Amino acid sequence: MDSYPRVLHDAVIDWYDNHARELPWRGLEATPWSVMVSELMLQQTPVARVLPVHALWLERWPTPADLAGESTGEAVRMWGRLGYPRRALRLHAAAIAIVERHGGEVPASYDDLLALPGVGDYTASAIASFAFGQRHVVLDTNVRRVLTRVVTGEEFPAPAVTRAERDVATALLPDDPATAATWAVATMELGALVCTARQPACHACPVAEACAWRGAGFPAYDGPPRRGQAWAGTDRQCRGRIMALVRENDAVTAAQVEAAWPTTDQRERCLAGLVDDGLLTQTTPGRWALPG
DNA sequence: TACTCGTGGTT
DNA sequence: TAACCAAGAGT
């Protein structure tokens, strides 16, 4: 049983060495800051959409201090259409914290990373692992799906990370830090490129022979319903409309906002919420803009 | 714990 | 084509 994980490690890492995408936040030239910016942007956002924005951010703000010296509004504007714009505020706040608490250098310790705005367990582990070569369990949606299928034999993981799931990931983590870091990024890449949610390419999978889900005949998901994300008519859609407006105009009037979202109660609620979040400021009565 | 928070490509 | 999905975090 001891040799089982190592066979798995070797197969996945060898596959990664031959099939990994070349991404700007990987490789030797990538700074910890570049890794950190990518991780915040990649939270719930596909790689293809992150690539151009990440390049713009790193060109304009190559260090945390560069971003910390900017206004939050400019960070939100440069965030573009990545979605969840509060992440731009959190990244900006994290840059300030890094300057104040860590001398302008992205901290290497998991605990210091976790204490930064917008950095949760996944992101702290990912930065510590990818940027600093440390040994951490990195549990993102890709890794969770890969391990659930290969080890547990089910199609999809539970809605939230379970204790058993973390135990599996911990047991499989290679002892050597450098190998663990490669294992982490390799399992993520396998989930992103081969062991995908909808149509897994098992014919291209380096561990297909060992996959419990495949061995069981691909039983369909049998867990609690995975709730979808409602969109039409939600506050999120309303907020998105308003933010799109202020990104494209220096300032917007009440009439413009009303044209973008006719429902009065919801419009007012979302405007207030955006101001409360710090994504918007009311410059004068009936006039809004990105925060200066 | 369960819910909220954007956006757009894919099937 | 409506539904699903995408390197989660905060509350």
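Fair warning: this is a prediction, and the values are worked out from it, not measured in the lab. Below, chains carry the letters A, B, ... as their sequence lines are ordered, and counting in each starts from 1. All values below come from the heavy atoms of this structure, side chains included, with hydrogens, waters and symmetry mates left out.
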Worksheet entry | Geometric class of the Trp213(A)/Phe218(A) ring pair [parallel <30°, tilted 30-60°, perpendicular >60°] | perpendicular
Discussion item. Students often get this wrong, so: under 4.0 angstrom with heavy atoms, is Arg26(A) touching a base, only sugar-phosphate, or nothing?
Written reply: base
Discussion item. Can you tell me if Glu268(A) has over 12 outside heavy atoms packed within less than 6.0 Å of its CD?
Written reply: yes
Worksheet item: Think Gln44(A) has a side-chain N or O under 4.0 angstrom from the OP1 or OP2 of dA6(C)?
Response: no
Worksheet entry | Nearest-angstrom distance from the residue atom CD of Glu189(A) to C1' of dA7(C) | 10 Å
Item to complete: Using a heavy-atom cut-off of under 4.0 Å over every strand shown, decide if Leu40(A) touches base, sugar-phosphate, or nothing.
Response: nothing
Worksheet item: Tyr84(A) or Ala160(A): which one's nearest nucleotide on DNA chain B is closer to the 5' end?
Response: Ala160(A)
Worksheet item: Closest heavy-atom contact between Trp25(A) and Val35(A)?
Response: O-CG2, 3.6 Å
Fill in: Protein-nucleotide distance (Gln199(A), atom CD; dG9(B), atom C1'), rounded to Å
15 Å
Fill in: Spacing between Leu139(A) atom CG and dG8(C) atom P, to the nearest angstrom
11 Å
Practice prompt. Starting from C1' on dG8(C), measure out to CZ on Arg86(A) and report it in whole angstrom.
Written response: 12 Å
Fill in: Side chain of Phe156(A) (C-beta onward), nearest among dG6(B), dA7(C), dC5(C)
dC5(C)
Discussion item. Is the ring pair His19(A)/Trp15(A) parallel, tilted or perpendicular, if the boundaries are 30 and 60 degrees?
Written reply: parallel
Discussion item. Once you apply a heavy-atom cut-off of 4.0 Å, does Gly83(A) come out as touching a base, just sugar-phosphate, or nothing?
Written reply: base
Worksheet item: Looking across every strand, which nucleic acid part, if any, lies under 4.0 Å from Asp121(A) by heavy atom: base, sugar-phosphate, or nothing?
Response: sugar-phosphate
Fill in: Atom P, compared across dT11(C) and dG6(B): separation rounded to whole Å
14 Å
Item to complete: Answer with base, sugar-phosphate or nothing: what part of the nucleic acid does Arg49(A) contact at a heavy-atom distance below 4.0 Å?
Response: base
Worksheet item: For Arg239(A), which of Leu271(A), Leu280(A), Leu274(A), Thr234(A) qualifies under side chain to side chain contact (heavy atoms under 4.5 Å, CB included)?
Response: Leu274(A)
Worksheet item: When all nucleic acid strands are considered with a 4.0 Å heavy-atom cut-off, which category describes Ser38(A): base, sugar-phosphate, or nothing?
Response: nothing
Practice prompt. Looking at every strand, decide which applies to Val119(A) at a 4.0 Å heavy-atom threshold: base, sugar-phosphate, or nothing.
Written response: sugar-phosphate
Fill in: Protein-nucleotide distance (Asn142(A), atom CG; dA6(C), atom C1'), rounded to Å
9 Å
Discussion item. Just the rounded figure in Å: distance from C1' of dT7(B) to CZ of Arg81(A).
Written reply: 7 Å
Discussion item. Can you work out whether Thr123(A) or Pro46(A) has the more 5'-proximal nearest nucleotide on DNA chain C?
Written reply: Pro46(A)
Worksheet item: Looking across every strand, which nucleic acid part, if any, lies under 4.0 Å from Leu114(A) by heavy atom: base, sugar-phosphate, or nothing?
Response: nothing
Worksheet item: Once you round it to whole Å, what is the distance between C1' of dA9(C) and CZ of Arg87(A)?
Response: 10 Å
Worksheet item: Just checking Ala126(A): base, sugar-phosphate only, or nothing, at a heavy-atom cut-off of under 4.0 Å?
Response: nothing
Worksheet item: What is the nucleic acid contact for Trp25(A), judged by heavy atoms within less than 4.0 Å: base, sugar-phosphate only, or nothing?
Response: base
Item to complete: Select base, sugar-phosphate, or nothing to describe what Pro159(A) touches, counting heavy atoms under 4.0 Å on all strands.
Response: nothing
Worksheet entry | Side-chain N or O of Arg145(A) closer than 4.0 Å to phosphate OP1/OP2 of dC5(C) | no
Item to complete: Looking at every strand, decide which applies to Arg269(A) at a 4.0 Å heavy-atom threshold: base, sugar-phosphate, or nothing.
Response: nothing
Worksheet item: If we ignore angles and hydrogens, is there a donor and acceptor under 3.5 Å between the side chains of Thr170(A) and Asp167(A)?
Response: no
Worksheet item: Can a side chain N or O of Arg198(A) be found less than 4.0 Å away from OP1 or OP2 on dG9(B)?
Response: no
Practice prompt. Report the residue (Val161(A) or Asp235(A)) whose heavy-atom-nearest nucleotide on DNA chain B is the more 5′ of the two.
Written response: Val161(A)
Discussion item. Suppose we call a contact any N or O donor and acceptor under 3.5 Å apart; does that hold for the side chain of Thr45(A) and the base of dG6(B)?
Written reply: yes
Discussion item. Applying a 4.0 Å non-hydrogen cut-off, can you work out what Gln229(A) is touching in the nucleic acid: base, sugar-phosphate, or nothing?
Written reply: base
Discussion item. Within the 3.5 Å criterion, strictly below it, is a donor on Ser34(A) or His54(A) matched to an acceptor on the partner's side chain?
Written reply: yes
Fill in: Separation between the P atoms of dA7(C) and dC5(B), rounded to whole Å
22 Å
Worksheet item: Nearest to the side chain of Ala197(A), which nucleotide is it out of dA7(C), dC5(B), dA6(C)?
Response: dA6(C)
Worksheet, complete the sentence: Rounded to whole Å, the CG-P distance (Leu42(A) to dG9(B)) equals 17 Å
Discussion item. As a test of reading the structure: which of dA9(C), dG6(B), dA7(C) is closest to the side chain of Arg236(A), going by heavy atoms?
Written reply: dG6(B)
